[in-house]
Every structure is written in C-alpha cells, then in structure tokens.
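Just below is one structure, and these are the notes that go with it.
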Amino acid sequence: MDTRKYLITFLITATIFGTAVFTSNILSGKKLEDVRSIGNRVSLDILASEIQFALLEETSCQDIGPGFLSKELGPLGERIAYAENQGAGFSTADLASLKRSYFLLEIKDYLLMKRLTEKCAIEPTFILYFYTSEGRCRDCERIGHVLTTLRERHPELRVYSFDGSFDLEAIRTLQNIYKMENEAPAMVINGRPYYGFYSVEELESEVPAIALLAAQRAATLKMLEEEASATSTPQQR
Amino acid sequence: MAEIQSVILYFTLFVTLFFEIFLLITYFEVREELKLEEKLLNKGISRYPSVSIVVPCFNEEKTVASTVESLLSLDYPQDKLSLILVDDGSSDGTWQVLKRYGGHPGIEIYTKENGGKTSVLNFALERIQTDLVGCLDADSFVDPGALKVIVPYFEDPEIMSVIPSIKVHQPKSVLQQMQKIEYSWGVFLRRMLSSIGALYVTPGPFSIFRRQVFSDLGGYRHAHHTEDMELAMRMQKNRYRIVNSHRAHVYTVAPAKLGALVKQRVRWTYGFLNNALDYREMFFKRQYGHIGIFILPIATLSVFATLLATGNMLWRIADKVSDWILKYQTVGFRFRLPDVSSFNWYFLNTGVISFITLSVIMLTLAILFLALRMANGRAEFSKALLYYLTLYVLIVPIWLAKAVFSTVFRRNITWR
C-alpha cells in the first residue's frame, strides 16, 4: 500500500485547511478593525457633539445642525449584532469588548440627546430597549422587528438597544434609574417602562411620543397625496 | 453540544477534502496507466477465451429481446460465446420471448421456479464450462465492442474479474437525465478505484469473471439483495484482483420515476451497509490495501456524513423559515429587494467552514468535469448537468435515510 500517497494527500489537505484558517483570521482581523474604526468615529462624533453642546450655553438651539448626533451608531450596532448572531470570527473576548464600548457609546449618545431635548424643548423621540442574549427570547426577536419597522416609518426615532444580561454596571444603573424589573423584552419610552411584546400599532396608539410621530407622518402623507392628485387632475375651464 | 457538532463538521470536511484530493492524485497516476492500456488493447487478442453470458430474467418481456440482440451483436467469435437465458418463473410473457431463441446456436434457454437473481446465477453457473463467465441484467444492453476491450485484461493471470463502464440507456425523463450525470461520475470513480485495487462492486451488467473465481470461492450469495457487492467484497478479502475497463460500455435502463429510483437506491445503500458490516474485519487492515484502509471506511462514513450535513441544512432552513414566520406574524409581509448599493463585504460569511466548504465544492466541480470528459469524451453544460446539480442533493438523503433506518432497525427491504 502506498503510504507516501496518503502522506502527500494529508499534506495538501492540511495546507488547504491551514490556508482557510489563515485567510479567515486575516478577514476577521479586518472586520474587527472596521468595527473598531466605526466605534472610534462614533466616539469622536459624540465628543464633538458634547463640545458643541457645551458651547450652546453661549449660543442658541438654532445653531444645532442635522449632523449633531452621530449617524454611525446604527451601522456599528448592525455589525456587532451580525458578529454576535451570524459569527464574524471574533473571539468571545473581542466581541464582549465591542459590545461593552457600543453600549457605553449608546448611553453617552442617549444622555446627550436627553440634555438636548430638555434644553431646546424638543419632544423626545427615543426608546431604550432591553433584550437578553441568554437563551432564546422570541418576544425580543419580535420586538426587534417592531422597532426596525418603526425606525423605517419614523427615521427621527432613535432606538438604543441594550443587552440586559450583559455584565455592564452602566446598563444596571440605567435600569435602576427607571426602576425596571429584570424582564426582557423591556422598553423605556419617555421615562415610562413597558414590558413584554407590543405591536407597531399598539406602540403608535398607546405611546404618546410615537403617536405624535404617527400623526405627523399621516398628515405629511395626506398632504403629499393631495398635492399629487392636484397635479394629476386636468384643469377645468 | 455546539462544540461536538463543530468537531464533527470539521472532521467530515477534512475527510471529504482528503478523499477528493486522493481521487485527483489517483487521476494523474491513472493518465499514465490509460496510455499503457491503449497499447495493450491495440495489440489485439492473441487467444480468444471462451465466454458464457448469463441473462437472468424476471418479468422482462419488454426489454429482454433487445438485451439478447445486443449480446448477439457482440464483436466476438461466435464459437467462443455462449448465452444462457434463464427465466426465473416470470408471470408475464418473458418465457415466450426466450423460446424464440431456443434453436439459436450458442444459446441455451431455461425456465425455473422463481428464486431470485442469486438462484438464477447459481443455476447457470452449474452448467457453465467456459473460461470466462459474465452476467447481463435483462434491462441492460452491451456495446458491440465491449467484450473485445474486456478480454485482453485477462492476459494478466492475476486479474480475476473485469467490470465495464455503465451508462444510462436513452435518458428521457428528468430523473433519467440526472442519473446520466451520476453514472458518468460512477465511470470515473470506478476507474480510479480500479487503479488502486479498491473496487467493491462487480455490477450485474456485464462484469466478467474467470470461472475459477466461483470454483475457488463458491457461487453467489443472497447478500441483502446485492450479490454483486458481496461477491466483490469476498474477492477483495481473498485478494482476487478486480479491474475496470472504462472503454467497455454497457447501457442500462435507469428508473424514470422517483419511487422506483428510491427503491433501487435504498436496496443498493442497504446492501452496501450490510455487506460492509459482514466484511467489517477488512476495515483499517493494511493487508487489504486501499480498500480496507481507506475506501470501505470512507464509503461508509460518507453515508452518515451526508445524512448529518442534510440534517444540519434542514435545521438551518427550518430555523430561517421560523424566523420569517415570526417576522410575518409580527409586522406582516414586507418584501424589499436587497439594496446592492449598500453592499458591504463585512456581512459576507468569511468563517473557516465557508472557505473549506468552498474548496470542497470547487474540487467536486473539477472532479465532475474530469468525470464527464472521461465518460463522454467532453464536458459541457447541459440540462442533465443542471438537473444533477440541483436535484440530486435533494433526493439522495431520502434513500440514505431509509437504508440506514432499515439497517439499524433490522427491517428487510425488497428487490422490487
């Protein structure tokens, strides 16, 4: 029997395996770099916003432009969620570190948003959403779909998602501030906690801040419809 | 649990990749062998040995005449060729068809009580005195030149059996066209296994043996309805050499309907698993060469690995479908075309498993290309190939699962 043939076959197979591991590690490293660089940009955005906010003491709310809050918090969250659910080749320690910095950035952004709404008397449009990554939480998945739909309908809505089961003192403090029970899914909207599942329609009718957004959207859609029918109807002489 | 699944997955992928590379290395070795074989065949046959071909028939009134006619058209000295047509107690008009050949020189016809293919073969073996013996199922047809490219191999006294390349006869239905590609793959695999002395089937259609094989090792056995596998394994166990003449073409009628195909393949897989169990002492024994060390173990493993991979795939699909249902129940149907402009490579799966799976798929396609070229002289994209690539993976698990179930729970399977 040809032992040499088996040895050569083994070496080629092992080389392909080794190349796959090497390539995958290189790409995972690039992905990690990508997420970290977005994290850094979000961090800088928040720092810039904080400085701008401090300067607000000497100026007015009208000076705040649309780019005041970071636009990259969402993409950062998407990447971390993908890494957690589908696997991006990150180690458990790297993933935990990314989640930790993401949640802290979310809290910083949330605090800034809160101060802004208070100072400039803007109607607050943000949701604190707590899910759990321990076991399978079907209601958390459902609320995830609901919040995505709401964000699509009302782009001005800012949703901050937190893993309630993640070991981070700042999340615990946030939950304590709103006297939240240890349940998932849970949401805080305008300081009021909501537990369990709510459909899009329920949130749009029962939560005042979201109801207001829904009413504004309906009015805008109606206006657009009227404009469209006015331009398409031939003028009578 | 996830760790165990992961280890099994990595192991399966490693073994699959190992097997594919082993096949490719063998292919490069075989290319040299094929040139030597060409020379052997071009030399011609110095002495024509006498050959008997047995045709077992059971309810084959529609195809048996064509089978016999194809044997009569063989390019071989008529005085050296005998046909033994045996009706195994058919309930249709098979015997009437056979009687038409009764007075034909070189043809013997018999009818007996139904006892199965094994009994027919042993019945015929008792009446054969020729140097070589073969069998042709009554739903198969030989190429006129087949015997002339088989016989020269027997000039090597160590070669005890020569098996042909089997192709699908006039594929029409989708399933038959799919099997046409599958049989091409079989042509390639048999030639590779022949080169390393690891053939574990001497197929019913036109495998030719020295008569000595039966006098030394005994006749056919029932062997879980796969007497052709058992005989090959028995020969391998006794170190009797079996080779493949890939230029000897035999055509067989492939099942046209799913039920018949599944039934046939359950029988084959069940037969393989049970014969492998019966000959388990050959596993991992160096004395049996490649067949013991590698081919029988990997062929057995492939059955379970395919089932495992299918189970894993079905689980993932079920999980995805359950997610879609949950989403539909929650926010309704929301179809959106993927936004190509927002594509980001970050969301591509770049895990180790993905790269290895990609390597396995690419090697599979490369081997398929070589197989089509070896079987048909050229490899080109066809409807048959499309059916094979899309349907085959979906239906193979059906017969594998049924065969494993029948083996584990000792359920008997039937021929028809």
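Letters A, B, ... mirror the listed sequences (proteins, then strands); counts begin at 1.
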Check each atom of Phe197(A) against the heavy atoms of chain B and say whether the ones under 4.5 Å are side chain, backbone, both or neither. side chain
Phe126(A) and Tyr110(A) aromatic centres sub-6.0 Å: yes
For Thr357(B) and Ile353(B), indicate whether the former's side chain and the latter's backbone hold a donor-acceptor pair under 3.5 Å. yes
Within the side chain of Asp163(A), is there an N or O that forms a donor-acceptor pair under 3.5 Å with the backbone of Ser165(A)? yes
Working to the nearest 0.5 Å, report the span between CD of Glu106(A) and CG of Asp109(A). 8.0 Å
Identify which part of Glu78(A) has an atom lying under 4.5 Å from any heavy atom of chain B, answering side chain, backbone, both or neither. both
Test your reading of the model: is there a side-chain donor-acceptor pair from Ser165(B) to the backbone of His246(B), 3.5 Å cut-off? yes
Does NZ or CZ of Arg286(B) come closer than 6.0 Å to the centre of the six-membered ring of Tyr288(B), within 45° of the ring's axis? no
Proximity of residues 30-40 of chain A to chain B, residues having a non-hydrogen atom under 4.5 angstrom: Lys30(A), Lys31(A), Asp34(A), Val35(A)
So does Leu213(A) get a backbone contact from the side chain of Gln216(A), meaning a donor-acceptor N/O pair under 3.5 Å? no
Give me the contact list for residues 139-155 of chain A versus chain B, heavy atoms only, anything under 4.5 Å, ordered by residue number. Glu141(A), Arg142(A), His145(A), Val146(A), Thr149(A), Glu152(A)
Ring center gap for Phe162(A) and Tyr131(A) short of 6.0 angstrom: no
Could you give the distance from CG (Asn244(B)) to CD (Glu37(B)), rounded to the nearest 0.5 Å? 8.0 Å
Polar side-chain atom of Ser24(A) near backbone of Thr350(B) as donor-acceptor pair, under 3.5 Å: yes
Before you tell me yes or no, could you show the steps for Asn275(B) and Tyr200(B) under side chain to side chain donor-acceptor pair (under 3.5 Å), namely the whole-Å CA-CA distance, both residues' side-chain angles and the distance that decides it to 0.1 Å? CA-CA 10 Å; Asn275(B) 281 310; Tyr200(B) 56 84; over 6 Å; no
Are there residues of residues 299-314 of chain B whose heavy atoms fall under 4.5 Å of chain A's heavy atoms? If so, which? none
Strictly below 4.0 Å, N to O, side chains only: are Glu230(B) and Arg234(B) in salt-bridge contact? yes
Would Tyr194(A) and Glu206(A) count as a side chain to side chain donor-acceptor pair (under 3.5 Å) if you check the C-alpha gap in whole Å, the side-chain angles of each, and the deciding distance to 0.1 Å? CA-CA 11 Å; Tyr194(A) 294 82; Glu206(A) 291 175 26; over 6 Å; no
Okay, Ser359(B) and chain A: the region with an atom under 4.5 Å from a heavy atom over there is side chain
Of the non-hydrogen atoms in Ile189(A) and Ile210(A), which two are nearest, and what is the gap between them? CD1-CD1, 4.1 Å
Within this structure, what is the CD1-NZ distance for the pair Ile196(B) and Lys5(A), rounded to the nearest 0.5 Å? 5.5 Å
Looking at Thr19(A), Ile8(A), Ile12(A), which makes the most heavy-atom pairs under 4.5 Å with chain B? Ile12(A)
Please look at Phe90(A) and chain B and tell me whether the side chain, the backbone, both or neither of the residue comes under 4.5 angstrom of a heavy atom of that chain. side chain
Determine, for Asp156(B) against Arg210(B), whether the closest basic-nitrogen to carboxylate-oxygen distance falls under 4.0 angstrom. no
Evaluate Leu73(A) against Tyr160(A) for side chain to side chain contact (heavy atoms under 4.5 Å, CB included), listing each step before the verdict. CA-CA 9 Å; Leu73(A) 207 49; Tyr160(A) 300 100; 4.0 Å; yes
Cationic N near anionic O, under 4.0 Å, Asp167(A) to Lys99(A): no
Side chain, backbone, both or neither: which part of Ile16(A) has a non-hydrogen atom closer than 4.5 Å to chain B? side chain
How would you list, in number order, the residues of residues 14-33 of chain B that have a heavy atom less than 4.5 Å from chain A? Phe14(B), Leu17(B), Phe18(B), Ile21(B), Phe22(B), Ile25(B), Thr26(B), Glu29(B)
Distance, nearest 0.5 Å, that separates OH of Tyr129(A) from OG of Ser161(A): 7.0 Å
